[in-house]
Amino acid sequence: MEKLTQQEEEAMQVIWETDGGFVKEFLEKLPEPKPPYTTLASTVKNLEKKKYLSSEKLGNTYRYTPLIKAEEYKKKFMKGFVGDYFKNSYKELVAFFAKEKQISADELKEIIDMIENRKSE
């Protein structure tokens, strides 16, 4: 799975949120400042070439559908991110956020509870 550019990722977030649709609909959902329609259309075509989307021609336009679920991309991206920046250690990742005061003790307790509850499943 090829890593997406920031522009492609922003488009995919909207496409996942809407579960597919038309470029015009994606453009409406993007935050300001919105890219020009032609730029977004080009980005969507690139996503199709990268096999993130499929398209169906309807009249003189195309309806796009995601081929990859957001969760699947997130898992793949996070594995690469943790590998690249935290030596494949999720402990290092959490420690980084704790040191930067980006995560509270209560949030860490919630994470520990999630891990402990997962073990009993």
D19, CG: over 12 other non-hydrogen atoms inside 6.0 angstrom: no

Any side-chain donor near an acceptor of the partner, Q6 and E10, under 3.5 Å: yes

Check: E9/Y73 side-chain N/O donor and acceptor closer than 3.5 Å: yes

Backbone N/O of L58 and side chain of T61: donor-acceptor pair under 3.5 Å: no

Heavy atoms from other residues, nucleotides or ligands near NZ of K76 exceed 12 (cutoff 6.0 Å): no

Salt-bridge contact E71-K74 (side-chain N to carboxylate O under 4.0 Å): yes

Heavy-atom donor-acceptor pair, T43 side chain to T39 backbone, under 3.5 Å: yes

Heavy-atom check, side chain of I15 versus side chain of Y64, under 4.5 Å: no

Euclidean distance, E56 CD relative to R63 CZ, rounded to 0.5 Å: 7.5 Å

Test log, rule side-chain contact (heavy atoms from CB on, under 4.5 Å), inputs M12 and L47: CA-CA 8 Å; M12 279 307 297; L47 288 165; 3.7 Å; yes

L67 backbone acceptor or donor facing K51 side chain under 3.5 Å: no

Over-ring placement of K45 relative to Y62, 6.0 Å and 45° cut-offs: yes

Beyond-backbone contact of V82 with S89, side-chain heavy atoms, under 4.5 angstrom: no

Over 12 foreign heavy atoms within 6.0 Å of NZ, K57: yes

Electrostatic pair E8-K50, nearest N-O below 4.0 angstrom: yes

Distance in Å, F77 CZ paired with L4 CG, rounded so as to fall on 0.5 Å steps: 9.5 Å

Any F96 side-chain heavy atom under 4.5 Å of E100 side chain: yes

